[in-house]
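This report refers to the structure that appears directly beneath it.
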There are 2 protein chains.
Amino acid sequence: MSVRDTQHPIACSACNLRQLCMPAELDNEQMALVDHLVQGKRRVARGQSLFHSGMPFEALFAIRTGAFKTCMRSAQGHEQVFGFQIAGDLLGLDGFVSGQYCSDAIALEDAQVCVMPVQQLQDLSEQIPALARHLQRIMSAEIVQERSLLLLLGGMRAEERLAAFLLHLTERMAVRGFSSQELVLCMSRQDIGSCLGLQLETVSRAFGKLVDQGLIAVDKRHVRICNAVALKAKAQLA
Amino acid sequence: MSVRDTQHPIACSACNLRQLCMPAELDNEQMALVDHLVQGKRRVARGQSLFHSGMPFEALFAIRTGAFKTCMRSAQGHEQVFGFQIAGDLLGLDGFVSGQYCSDAIALEDAQVCVMPVQQLQDLSEQIPALARHLQRIMSAEIVQERSLLLLLGGMRAEERLAAFLLHLTERMAVRGFSSQELVLCMSRQDIGSCLGLQLETVSRAFGKLVDQGLIAVDKRHVRICNAVALKAKAQLA
DNA sequence: CGAAGGCTTGAGGCTATTCAACCAGCGTGG
DNA sequence: CCACGCTGGTTGAATAGCCTCAAGCCTTCG
């Protein structure tokens, strides 16, 4: 399963991802409090789940390294992927409703996450309004993010969906300092398909089409954006 | 447009919808504070918007009467409906991210909403932790709700989508004390289609199929559930 | 080396879309 | 009053897009 390790207690105050999971406007005193919020780290091996639907909601997780998919499996065995999370993203926000996680979080590559127990989070939120507001913003962002997926599933064709997907991913990588031209996908065609409401074969064909049109170059899971303008036009966002 | 009216200042403490938009565990003192949170009401005529994408995020709204759809219009003119809100539901949760609403809220019938200014909401949340937690739960619920829509769009056929949609709606009406057999739709076939990722013709045909199978009876916008078990089976939730 | 997983490609079928005609109800104006 | 247009809904026929099934390739790993 997974192993707790506290041997590398990198404090939030010293973390380069702080700007993503923590509010910006903290003074030193508050920062010191926040440093105690993270109760250690947890490693999750590729393919393992960080949590799954129905487990008691005990903590929120911030991704330090690696990547996850959040998904649900229906009674019929159909797996629906809701999204992909990378370093700096928060996992477990769906647990507040019922006190149980409502989805599965599965590591797409070996990962390390910061564990933030809910109780501490609640207590600290009461002391630091900025933290409470930040959580609010993050959850609101999650809502907006999922709506953009709904927009995609509701009104786009396969090629357009894939184009939008790739652009969305590069945007997020760019925020984290990566190239906005190059992209290494950490998920399978099947996962992409599930997220976009397509079969893996259709995803494969859509990749082919985009390559044929000269918009991207693909080598296995390595993707290069050749014509960002045309790609955006295709994704109907340009 | 819309008219503010304060002539009927029904306090939250006296409102029969309180259990839906407010936390349960409030003492009298806290209840008195909450009563001041609602800065009057606003009427919205059928077809008019309560807010639309891009407007500054100044308040959250609780629906007292009437119904809304939340939607977005893409550059290409495609309208995507994200969901339908009825009495007791909160509107505007997507505004926390950027300080602007990210969607449109359009009244499907003449409606009345309680206006809760963000600033007061934030201040009060700091004084009443239960209120902050309640907001958290509501937002978390919104995330979960949208995921169920993603599940629907990702893996169901037209008939199944409609079945799930009808069941979801009756469930929510049942919570509010209405019959779980009878349903009056406040939205058009087009709106339903947009929400379910279908064309209005397809929705119409799906209605027809469900009627043929004896699962429901339809008279215009009046729907009666004849065979709830079979309907649930079709929606893959039973 | 063989087996398995991930990906691509092809052929055929099916679902939902598109385009179109048509009907019912409703409000307007002659 | 009826004719009229308009909106919302139903129905039909043809088409397009995606899914399904199937085969085959490449890489990885035991």
Side-chain angles (χ1 to χ4, degrees), chain A residues 45-47 67 69 76-81 106 108-110 152-166 183-213 216-223 234 236, chain B residues 45-47 69 76-81 106 108-109 152-166 183-213 216-223 234 236:
Chain A
R46 175 193 158 105
K69 66 174 173 183
Q76 282 64 38
H78 167 78
E79 179 186 86
Q80 175 69 44
V81 173
I106 297 176
L108 297 170
E109 47 192 48
D110 291 349
L152 183 149
L153 290 177
M156 291 189 185
R157 337 228 123 268
E159 270 177 66
E160 301 165 346
R161 294 185 196 191
L162 185 58
F165 172 77
L166 293 172
L183 193 55
V184 177
L185 303 173
C186 51
M187 69 294 282
S188 70
R189 301 288 193 260
Q190 171 128 20
D191 288 334
I192 297 175
S194 170
C195 184
L196 302 182
L198 301 167
Q199 296 304 113
L200 72 160
E201 296 96 326
T202 308
V203 173
S204 186
R205 280 184 250 267
F207 266 116
K209 292 257 189 74
L210 294 180
V211 170
D212 289 347
Q213 293 162 32
I216 59 173
V218 177
D219 177 27
K220 303 169 200 283
R221 291 194 174 183
H222 188 100
V223 177
K234 188 160 285 282
Q236 318 205 13
Chain B
R46 176 194 158 103
K69 65 174 173 182
Q76 283 65 37
H78 167 77
E79 179 186 88
Q80 175 69 44
V81 173
I106 297 175
L108 296 170
E109 45 193 48
L152 183 150
L153 290 178
M156 291 189 186
R157 349 236 89 229
E159 268 177 67
E160 301 165 346
R161 294 185 195 189
L162 185 58
F165 172 77
L166 292 174
L183 193 56
V184 177
L185 303 173
C186 51
M187 68 294 281
S188 70
R189 301 289 193 258
Q190 170 126 24
D191 287 334
I192 297 174
S194 170
C195 184
L196 302 183
L198 301 168
Q199 297 304 114
L200 71 158
E201 296 96 326
T202 309
V203 174
S204 186
R205 280 185 250 268
F207 265 116
K209 293 257 189 71
L210 294 181
V211 170
D212 289 348
Q213 292 162 33
I216 59 173
V218 178
D219 178 28
K220 303 169 200 282
R221 292 194 173 183
H222 188 99
V223 178
K234 188 159 286 280
Q236 318 204 9

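First the proteins, then the strands, lettered A, B, ... as listed; each starts at 1.
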message: Working note: Ile216(B) + Leu183(B), criterion side chain to side chain contact (heavy atoms under 4.5 Å, CB included); need CA distance, chi angles, decisive distance, verdict.
response: CA-CA 11 Å; Ile216(B) 59 173; Leu183(B) 193 56; over 6 Å; no
message: Base, sugar-phosphate or nothing for Gly197(A)? Non-hydrogen atoms, less than 4.0 Å.
response: sugar-phosphate
message: I'd like to know whether Val203(A) forms a side chain to side chain contact (heavy atoms under 4.5 Å, CB included) with Phe165(A), so could you lay out the CA-CA distance, the side-chain angles of the two residues, the decisive distance to 0.1 Å, and finally the verdict.
response: CA-CA 11 Å; Val203(A) 173; Phe165(A) 172 77; over 6 Å; no
message: Across nucleotides 8-14 of chain D, 5' to 3', mark each nucleotide with B, S or - according to how protein heavy atoms within less than 4.0 Å reach it.
response: SSBBBB-
query: Over how many whole Å does the gap from Gln199(B) atom CD to dG17(D) atom P extend?
result: 14 Å
- request: Whole angstrom is fine here: how far is it from CZ in Arg157(B) over to P in dC18(D)?
  value: 14 Å
field: Atom CD of Gln213(A) with >12 non-hydrogen neighbours under 6.0 angstrom
entry: yes
query: Is Glu160(B) atom CD crowded by more than 12 heavy atoms from other residues, nucleotides or ligands, each under 6.0 Å away?
result: yes
task: Take the protein atom NZ of Lys209(A) and the nucleotide atom P of dT9(C), then report the distance between them rounded to whole Å.
output: 12 Å
statement: Rounded to whole Å, CG of Asp191(B) lies from P of dT7(D) at a distance of 15 Å
message: I'd like to know if the side chain of Arg161(B) reaches the main chain of Met156(B), judged simply by a donor and an acceptor atom lying under 3.5 Å from each other, with no hydrogens or angles considered.
response: yes
message: Other residues, nucleotides and ligands only: do more than 12 of their heavy atoms fall within 6.0 Å of CZ on Arg46(A)?
response: no
